[in-house]
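Reading through the structure tokens given below for one structure.
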Protein chains: 2
Amino acid sequence: MPRKPANQTVQREDILLAAAQIFQERGYEGATMAHIARKVKLTAGSLYHHFPAGKPDLLLAVLNAGLDAVMTQFDQVQAATINPTEQLRQMITAHVVSVTHNVSVGAAMVFEIRTLFALGEHEAHLEARDAFLRRRDEFEQRYRDVIQQGIACGEFRSVDVNIFTKALLGAHNWISVWYHSSGRLSGHEIAERMVDTFLASLRC
Amino acid sequence: MPRKPANQTVQREDILLAAAQIFQERGYEGATMAHIARKVKLTAGSLYHHFPAGKPDLLLAVLNAGLDAVMTQFDQVQAATINPTEQLRQMITAHVVSVTHNVSVGAAMVFEIRTLFALGEHEAHLEARDAFLRRRDEFEQRYRDVIQQGIACGEFRSVDVNIFTKALLGAHNWISVWYHSSGRLSGHEIAERMVDTFLASLRC
DNA sequence: AGGTTAATCAAACGTTCGTTTTATAATTTT
DNA sequence: AAAATTATAAAACGAACGTTTGATTAACCT
């Protein structure tokens, strides 16, 4: 019954990025395995060879890839210990550039967190889900820490650290909604303006 | 075959708010008519009596309700013409209080815009969709206008108006993700801190 | 009181989806 | 070259979904 030349070249990461794009266009629930398969020129069933645990596993892989990307850069920033102002500048830049560098993955981290909670009805991916959420909290905590340090050492004025951090994160997350690579500004240029906006707000 | 006491009291707005809550929990595609019906104690088919055009119509009704709520308050702010600083303060307050006052509807306006575009494959709700998107652009334009005016008259420092507005909108939109009515701060208190954050950033 | 309209339910319909199974082709190993 | 492994397609499956239809009850209006 079946055959076909077979490219034999589709890799796990290709599928992952295709999934991220389809998730961005249609949302996790609106995305079908056939949509994703089509983008890498496979059939829906063939995806199970690369992701045996199916669609939920595909989502977790996308989310973890996004968090890995930005966390790796954060580690580099904090390795070179500097003053809070410079540290926050570099964290914002790393974060914004990361989002604009792969918008689909960034969008998944904004729009599909809710999906992760709705997933909790099936008792299988719970461990992977909780591990992701813990790392995500840690990510947010790093922003809070550097802002708190800046206030403590007098570089920043006194602000509500929690709300300020939420405002900062919301501004960055929203970028994945409106950014297009063909737009007026590059990722770096957007990052500069975000740094300008939030460092100005923290000025004593 | 069928019967049932019949409450005879379910109103269009009850269904609309129930839909918003289900959309928030599961996303538009993850929400089923049965989920929504259950929340107002009806069956899925009965929803078509109140919303003949079905699920897409339900989404558009939710989104328009959200935009109506905030636009009404914006009109009041601009009726009393004052200086840009005070005008922006009142716009931010109106916006944030509106989001925290009905989080589900606010969340829909953040998370289901994408759904609106994916809807475009069926040529029926296109007009209602485009009308909504136009009003939404108008909403964003009001923020840009007041910031531009503030810069022009020297009350605000010179910033990239587009990016600053996107940052502001992102911060506000993100509130519908993390806000809970049982949290540390009320909607008004969060609004005060957002005003503080962004007006400080615009200070000359 | 009688007739009309509005609101609801139960059931059925056709479609689509995630997943599983089985067969086949390509690649790698021996 | 033969055998084993990997990657893929095709087909089938059962479940779930949005929507339609027809019957039934409640409310309203002469």
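In what follows, every chain begins at residue 1, and chains take the letters A, B, ... in the order their sequences are listed. Since the structure is predicted, the reported quantities are computational estimates derived from the model, not experimental observations.
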Self-check item: side chain to side chain donor-acceptor pair (under 3.5 Å) partners of B:Thr32, counting only residues at least two apart
Solution: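 Side chain to side chain donor-acceptor pair (under 3.5 Å) list for B:Thr32, sorted by chain: B:His35.
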Quiz item: Excluding sequence neighbours, so at least two apart, what forms side chain to side chain donor-acceptor pair (under 3.5 Å) with A:Gln149?
Solution: none
Whole angstrom is fine here: how far is it from [atom1] in [X] over to [atom2] in [N]?
X	N	atom1	atom2	answer
B:Leu47	D:dT19	CG	C1'	11 Å
B:Arg38	C:dC9	CZ	P	13 Å
B:Lys41	C:dA7	NZ	C1'	17 Å
A:Ile15	D:dT8	CD1	C1'	11 Å
B:Leu42	D:dT25	CG	P	17 Å
A:Gln11	D:dT8	CD	C1'	14 Å
B:His49	D:dA26	NE2	P	16 Å
A:His50	D:dA7	NE2	P	6 Å

Practice problem: Output all residues satisfying ring pair (Phe, Tyr, Trp, His ring centres under 6.0 Å) with B:His172, sequence neighbours left out; order by chain, then residue number. | Solution: B:His95
Quiz prompt | Partners meeting ring pair (Phe, Tyr, Trp, His ring centres under 6.0 Å) with A:Phe74 (sequence neighbours left out) | solution = A:Phe139, A:Tyr143
Practice problem: For residues B:Ile15 and B:Leu58, determine if any side-chain heavy atom of one lies less than 4.5 Å from a side-chain heavy atom of the other. | Solution: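 The answer is yes, as the side chains (C-beta and beyond) meet within the 4.5 Å cut-off.
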Under 3.5 Å between N/O atoms: give me all the protein pairs with nucleotides 16-20 of chain C, atom names plus distance.
{"from": "C:dG18", "atom 1": "OP1", "to": "A:Ala31", "atom 2": "O", "distance (Å)": "3.0"}
{"from": "C:dG18", "atom 1": "OP1", "to": "A:Lys55", "atom 2": "NZ", "distance (Å)": "2.8"}
{"from": "C:dG18", "atom 1": "OP2", "to": "A:Met33", "atom 2": "N", "distance (Å)": "2.8"}
{"from": "C:dT19", "atom 1": "OP2", "to": "A:Tyr48", "atom 2": "OH", "distance (Å)": "2.3"}
{"from": "C:dT19", "atom 1": "OP2", "to": "A:Lys55", "atom 2": "N", "distance (Å)": "3.1"}
{"from": "C:dT19", "atom 1": "O5'", "to": "A:Tyr48", "atom 2": "OH", "distance (Å)": "2.8"}

Self-check item: salt bridge (Lys or Arg N to Asp or Glu O under 4.0 Å) against B:Asp68, all qualifying residues, sequence neighbours excluded
Solution: B:Arg135
